[in-house]
> 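Structure in structure tokens, see below.
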Amino acid sequence: MSQGGWDRLRRTRLAFSAVVAAAAGVFVWAMPGAVRFMAHAPGGFWAMALAALVVDIPLFGVAGREDFRIRSTLSVCFTFAIFVLWGAATAIVVQAVAGAVSVAGQRYQPSAGLFFVSRLVLGAAAAEVVVNASGLRPMTAQGAGLTGADLLSFTLLALVWLAVSYAILAVARSTVTPRGLWQAVTDMRFDLISTTSSILVVAPFLTTIGGWWSLLVAVPLILWNQLTREQLRHEQQLSREPVSGLLNRQGLAAGMRSITATDLITPQGPRPFGIILVDVESVLDINRTLGRDLYEKVIGVAARRLIDAYGDDLAARLSGEGIVMLVPDLTEENALAETQTALSLLEPLVEADNIPFALDPAAGVALSPQHGRDLGTLLMRAELAAGDARRTGRRAALYLPRAAELAERRITLLRELHSVFQDPARHREITVLYQPQVDLDTGRLAAVEALVRWTHPQWGPIPTDELIEAIEPSEIMHMLTWHVLETVAAQVRRWHDQGDQFRVSVNVSVQDLHKPDFIDQLGELVRRHGIAPRRFIIEITERMFISDPERVREVAGRLAGQGVGLSLDDFGTGHASLQQLRELPLTEVKVDKAYVGNMVDNPADEAIVTSVHLLTRALGVDVVAEGVEDQRTADALAKLPGVIGQGWHFGRPMTVDDFQGWRQHGQRRRVSRVR
Ligand code: C2E
Ligand code: MG
Ligand code: MG
């Protein structure tokens, strides 16, 4: 935990202990007086005490599961009347007992309940202090009627009681969370208004009736309480998906607010909880191939299992194929086990329309407050963890801050590169290096691959892989692609003017191919610089190809129409089928460096390189071996006819000037060893 986190925890413990200790002191002080009084208490007192105990109990929630979001403190109306009629000591004891019943009935965590009761007790104590200090006596004569002056002192005392009770809460709350004092007050406004209004309306009335009749006053209060609950329940219905019964985002946010509710403070701060995100990606295939109806049914069955286990006020569906569960009291120790339990519920096959489906779920979990305090952050982090789980095959994963740091770093890179493109003076931070490709039959330079580099003035060189990964989902990718293409085209023109004829490969992203005018713009670029289209090769990776084979095939046809070449990069990492390869108008295939780098020592890798070589010959396309790092590999490759080699052994990616030098000296030296 950070220093700030520790400080906050220490402050929280201090605030919590101070409030609970003070309340305990008050309770001990009050006890003897209260016991003495109760020994001879009149029936009216018992009526009010009983009403205080029952008034906050949810009517319809007693038997079933009550929505823990709805809490009330209407018991204060009765304890305040007891305070006015029979003194502070008795009122404090009744308040403590009524508070305890209320927190038990509403299933608070014990320490959160303790805090809840303590602040009510301290409110009563504060009112007593004011009575002693000011001589402000509330009327004590029952049935004597209420004068204006009585009502005034009565109102003032009630306000002191409530002000102290809620101020303790607001201050404690603002100490334990990063939200300010005003925000803490705003958070509890609903409870504050409802309690203040009922105490001011009901309590004066109670003090004038007295006797067992006061029980009757409890009836409208219980109904009022019930009305509020019904209203909130209705609101909750609106926050649900009608078909699956799962909460939507609004409902989830409300559920989260209820767990971390303002008055539930524990020594650790607000109540901890976790968000488990179960991703059932495989059902997307059902949607694609079998239709939306069946897809909804399958999700519905999965949702029902989770609702049955977690309750319908804790399970939500936000978008597409993810189901989210809000789980109170989840900690680092129990989070993974709980997530695995949730997953095991989705393990058995799901049957829809008499067809069995396997869900193949993966889940991620993020915890509050460690991993975030707002829903957006927690969801994002649970999703990152779920992605992690799927990638690593672990199925369930707890969010690791590293993943988020990575996402944040990517966002920072994206923003910064965007500002580079907006400021022409910074364009020179982006450069293009050229790496030679050598024809192993002749030892001549066959082509060069253009590789982009970004050197940030403060951060230094940014690894290109990382850069591309960060910007690929955004428009910045196109900006970079076109910046590189423009730079390369100008350079090709210069080489052309010097009489050089080799080809130049440029990497593009599949996002670029999604732009409808990409090919036309490429044609325009080539014409503008007056260079032959066949001097250009566009590289896309095999992975990009299989992510959208239709699109790539269509674009490849148009590229070929323009006379521009197409290269399939990192071949062997994307599992394209032979059929798909045959249908693609390719110029060359680049065997991934993972196979080439090991081929000398690993017969399996050598077999793969050899068979790709055979395959490319059959398809009539060129083959480039990437990642040739040493002489042994170059020699092994040279045994296969028609192979082009690229790698550090021949030359690293270089600036135009270094490349010029390499051609004059290095090329001859390296290649003489190949042959
Ligand atoms: P790639 O297209 O497969 O490029 C080959 C990568 O292998 C380059 O990494 C290169 O520096 C590296 N390499 C070359 N010879 C050797 C060798 O002998 N051994 C080893 N271990 N590595 C070697 P680089 O420049 O960091 O680029 C990484 C990837 O970033 C590229 O992989 C390409 O997919 C992407 N990329 C680079 N420039 C661009 C660009 O302008 N646009 C797009 N969309 N992607 C680019
Ligand atoms: Mg490449
Ligand atoms: Mg490659």
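In each ligand, atom 1 is the first atom listed, and ligand 1 is the first ligand listed. Any value given below was found using the heavy atoms of this structure, including those in side chains, with hydrogens, waters and symmetry copies removed. In this text the structure is predicted, and so the values were computed from the model without any measurement.
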> Pairs in or reaching into residues 604-623: which pass salt bridge (charged side-chain N to carboxylate O under 4.0 Å, His left out), with residues at least two apart or in two chains?
R503-D622
> In terms of atom number and element, which parts of ligand 1 are under 4.0 angstrom from non-hydrogen atoms of V484?
41 (O)
> Below 4.0 angstrom from a heavy atom of M477, which ligand 1 atoms are there? Numbered from 1 as shown, please.
44 (N)
> Which bit of Q435 is near ligand 1, meaning a heavy atom under 4.0 Å away: side chain, backbone, both or neither?
side chain
> Give me the nearest non-hydrogen protein atom to atom 19 (N) of ligand 1 as residue plus atom name, then the distance to 0.1 Å.
E629 OE2, 2.6 Å
> To the nearest 0.5 Å, tell me how far T655 OG1 sits from W662 CH2.
13.5 Å
> Under 4.0 Å from a heavy atom of V508: give me the atoms of ligand 1 that qualify, with their elements.
44 (N)
> How long is the straight-line distance from CG of D279 back to CG of L343, given to the nearest 0.5 Å?
10.0 Å
> Any idea which part of V452 is under 4.0 Å from ligand 1, heavy-atom wise: side chain, backbone, both or neither?
both
> Out of curiosity, I538 CD1 to L522 CG, how far, rounded to the nearest 0.5 Å?
5.0 Å
> Let me see the working for M654 and Y434 under side-chain contact (heavy atoms from CB on, under 4.5 Å), right down to the final yes or no.
CA-CA 5 Å; M654 298 171 249; Y434 298 90; 5.8 Å; no
> Looking only at distance, does T541 have an N or O less than 3.5 Å from an N or O of ligand 1?
no
> Kindly confirm whether the Mg ion (ligand 3) is within less than 2.8 Å of some N/O/S atom in E626?
yes
> Take V365 and I275 through the side-chain contact (heavy atoms from CB on, under 4.5 Å) test and state the conclusion after the steps.
CA-CA 6 Å; V365 52; I275 286 219; over 6 Å; no
> Determine whether V609 and V643 make a side-chain contact, defined as any pair of heavy atoms from C-beta on separated by less than 4.5 Å.
no
> Considering only the protein, which heavy-atom contact is closest to atom 28 (C) of ligand 1, and what is its distance?
D465 OD1, 3.1 Å
> How about atom 2 (O) of ligand 1: does it have a protein heavy atom within less than 4.0 Å?
yes
> Heavy-atom contacts with P653 under 4.0 Å: which atoms of ligand 1 show up? List them by number with element.
11 (O)
> How far is atom 35 (C) of ligand 1 from its nearest protein heavy atom, and which residue and atom name does that atom have?
I468 CG1, 4.1 Å
> Would you say the side chains of Q435 and Q646 form a donor-acceptor pair under 3.5 Å?
yes
> Is the distance from the ring center of W482 to that of F518 below 6.0 Å?
yes
> Side chain, backbone, both or neither: which part of N507 has a heavy atom under 4.0 Å from ligand 1?
both
> If only side-chain N and O atoms count, and only distance matters, is there a donor-acceptor pair under 3.5 Å linking Q491 with R494?
yes
> I need the nearest protein heavy-atom contact for atom 7 (O) of ligand 1: residue, atom name and distance, please.
K593 NZ, 2.9 Å
> Among T616, V621, L619, whose side chain to side chain contact (heavy atoms under 4.5 Å, CB included) with L586 holds?
V621
> If you round to the nearest 0.5 Å, how far is CG of L568 from CD of Q580?
10.0 Å
> Just let me know how D569 lines up against ligand 1, side chain, backbone, both or neither, with a heavy-atom cut-off below 4.0 Å.
side chain
> Of all the non-hydrogen atoms in the protein, which one sits nearest to atom 18 (O) of ligand 1, and at what distance?
W648 N, 2.9 Å
> Taking only heavy atoms of T464 into account, list the atoms of ligand 1 that are under 4.0 Å away from them.
26 (O), 27 (O), 30 (O), 36 (N), 37 (C), 38 (N)
> Using a 4.0 Å cut-off to any heavy atom of G647, which atoms of ligand 1 qualify?
15 (N), 18 (O)
> What pairs of residues pass the salt bridge (charged side-chain N to carboxylate O under 4.0 Å, His left out) test when at least one of them lies in residues 414-432, not counting sequence neighbours?
E416-R426, R426-E429
> Among the N/O/S atoms of D569, which is closest to the Mg ion (ligand 3)? Give the atom name.
OD1
> Which residue from E626, E472, E469, R543 reaches closest to atom 5 (C) of ligand 1 through any of its heavy atoms?
E626
> Could you confirm whether T541 has any N/O/S atom lying under 2.8 Å from the Mg ion (ligand 2)?
no
> Are side-chain N/O atoms of T573 and D570 paired as donor and acceptor at under 3.5 Å?
no
> What N/O/S atom of E539 is the closest to the Mg ion (ligand 2)?
OE1
> Would you kindly specify which portion of K590 sits under 4.0 Å from ligand 1, judged on non-hydrogen atoms: side chain, backbone, both or neither?
neither
> Do you know which N/O/S atom name in E449 is closest to the Mg ion (ligand 2)?
OE2
> Say you draw a straight line from NZ of K590 to CG of D569; how long is it, rounded to the nearest 0.5 Å?
5.0 Å
> At the 4.0 Å heavy-atom cut-off, does R453 count as touching ligand 1?
yes
> Under 4.0 Å, heavy-atom basis, I'd like to know which part of Q646 is in contact with ligand 1: side chain, backbone, both or neither.
neither
> With a 4.0 Å cut-off on N to O distance, would you call K297 and D293 a salt bridge?
no
> Using a heavy-atom cut-off of under 4.0 Å, does the side chain or the backbone of T481 touch ligand 1, or both, or neither?
neither
> Examine the side chains of T481 and D512 and answer whether a donor and an acceptor come within less than 3.5 Å of each other.
yes
> If you measure from each non-hydrogen atom of R652 to ligand 1, which part falls under 4.0 Å: side chain, backbone, both or neither?
neither
> Can you tell me if, anywhere in D570, an N/O/S atom lies at a distance from the Mg ion (ligand 2) that is smaller than 2.8 Å?
no
> Any side-chain heavy atom of R453 within less than 4.5 Å of one from L451?
yes
> Considering only the protein, which heavy-atom contact is closest to atom 10 (C) of ligand 1, and what is its distance?
L451 CD1, 3.8 Å
> Hey, is D512 touching ligand 1 through its side chain, its backbone, both or neither, going by heavy atoms under 4.0 Å?
neither
